[in-house]
Amino acid sequence: EVHLVESGGGSVQAGGSLILSCEASGFPHTAYSLGWFRQVSGKKREGIAAIDRDGLTSYAVSVEGRFTISKHHTKIRWFLQMDSLKPEDTAMYYCAARSWLRLSFLPYEYEYWGQGTQVTVSA
């Protein structure tokens, strides 16, 4: 029914930039919030940024000032602009969506997930 497909991962040097994209198909909800998460092996999934239907945003301290979340105004499509990347940003990045308006960094509150895209930042 609902599928999230993300893209834009890759390898960059420290200080570089990447933009991740995610698009949802078959998404029936009119009230929703969208997010980006990341996870490295052996660690818990970390919420990075979130945006609700109306454009309200929130960021994790670890990325605030460097990453920017945005969304398309019509399609359920959202983005993560990542600037000033650091080696510690290396992780598998996941987009996620949920049928509630409230912003959340809690993975269990999200209903739909993308397949993940790898971001690797070299020193």
Side-chain angles (χ1 to χ4, degrees):
E1 181 64 29
V2 177
H3 293 92
L4 274 58
V5 178
E6 60 189 290
S7 61
S11 298
V12 297
Q13 293 186 330
S17 297
L18 285 173
I19 183 165
L20 307 182
S21 300
C22 188
E23 184 169 2
S25 61
F27 194 78
H29 310 291
T30 56
Y32 58 84
S33 56
L34 311 167
W36 288 97
F37 293 77
R38 66 186 182 188
Q39 187 172 24
V40 299
S41 180
K43 297 183 179 180
K44 64 182 179 181
R45 192 164 295 187
E46 176 190 16
I48 300 301
I51 186 168
D52 71 14
R53 181 198 62 193
D54 301 318
L56 181 66
T57 60
S58 185
Y59 297 92
V61 172
S62 59
V63 306
E64 190 166 17
R66 298 188 298 120
F67 292 9
T68 303
I69 188 172
S70 61
K71 70 179 187 70
H72 195 274
H73 59 283
T74 301
K75 298 180 178 180
I76 309 302
R77 181 183 297 169
W78 61 110
F79 313 92
L80 186 68
Q81 176 69 48
M82 303 184 292
D83 297 316
S84 300
L85 283 162
K86 305 174 180 179
E88 51 263 45
D89 294 319
T90 296
M92 184 72 72
Y93 283 71
Y94 299 89
C95 59
R98 69 194 193 109
S99 58
W100 295 300
L101 194 61
R102 179 181 177 272
L103 299 176
S104 176
F105 285 168
L106 301 174
Y108 66 83
E109 292 189 346
Y110 284 80
E111 302 165 71
Y112 313 107
W113 292 87
Q115 80 281 5
T117 185
Q118 178 68 37
V119 171
T120 301
V121 184
S122 60

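Every value quoted in this text rests on a predicted model; they were computed, and no experiment measured them.
A donor-acceptor pair is defined here as one N or O able to donate and one able to accept, closer than 3.5 Å; such a pair exists between the side chain of R66 and the backbone of S62. For the pair E6 (side chain) and S21 (backbone), a donor-acceptor distance under 3.5 Å is absent. Under the 3.5 Å distance criterion, the side-chain polar atoms of T117 are matched with a main-chain donor or acceptor of G9. A distance-only check finds a donor-acceptor pair linking the side chain of W78 to the backbone of G35 [under 3.5 Å].
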request  = Evaluate the criterion side-chain contact (heavy atoms from CB on, under 4.5 Å) for residue pair L4 and V2; output intermediate values, then yes/no.
outcome  = CA-CA 7 Å; L4 274 58; V2 177; 3.7 Å; yes
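The line from SG of C95 to OH of Y110 is 11.0 Å long, rounded to the nearest 0.5 Å. One distance of note links CD of Q115 with NE2 of H3; it measures 11.0 Å at 0.5 Å rounding. R45 CZ to K43 NZ: the interatomic distance, rounded to the nearest 0.5 Å, is 15.0 Å. From S41, atom OG reaches atom CE of M92 across 10.5 Å, with rounding to the nearest 0.5 Å. If you take CE on M82 and CG on L18, they are separated by 4.5 Å, rounding to the nearest 0.5 Å. S11 OG to L85 CG: the interatomic distance, rounded to the nearest 0.5 Å, is 11.0 Å.
Heavy-atom contacts from other residues, nucleotides or ligands closer than 6.0 Å to NE2 of H72 number more than 12. Heavy atoms from other residues, nucleotides or ligands lying under 6.0 Å from CD of Q13 number 12 at most.
I48 places none of its side-chain heavy atoms less than 4.5 Å from the side chain of Y59. T90 is not listed as a side-chain neighbour of V40, based on a closest heavy-atom distance of 4.5 Å or more.
For the pair E111 and R98, the salt-bridge criterion is not met [side-chain N within less than 4.0 Å of a carboxylate O].
Here the two rings, on F37 and W113, have centers that are under 6.0 Å apart. For Y112 and F27, the ring centers sit closer than 6.0 Å to each other.
Under 3.5 Å, the side chains of T68 and Q81 contain no donor-acceptor pair of N or O atoms.
Taken together through direct or relayed side-chain contacts under 4.5 Å among Ile, Leu, Val, Met, Phe, Trp and Tyr, I51 and F67 form part of one hydrophobic cluster. Under a hydrophobic-cluster definition in which Ile, Leu, Val, Met, Phe, Trp and Tyr are linked whenever side-chain heavy atoms come within less than 4.5 Å, directly or via other members, V12 and L20 are assigned to the same cluster.
Qualifying side chain to side chain contact (heavy atoms under 4.5 Å, CB included) partners for R53, counting only residues two or more places apart in sequence or in other chains: A31, Y32, L101.
Among D52, I69, L34, the single residue meeting the side chain to side chain contact (heavy atoms under 4.5 Å, CB included) criterion with T57 is I69.
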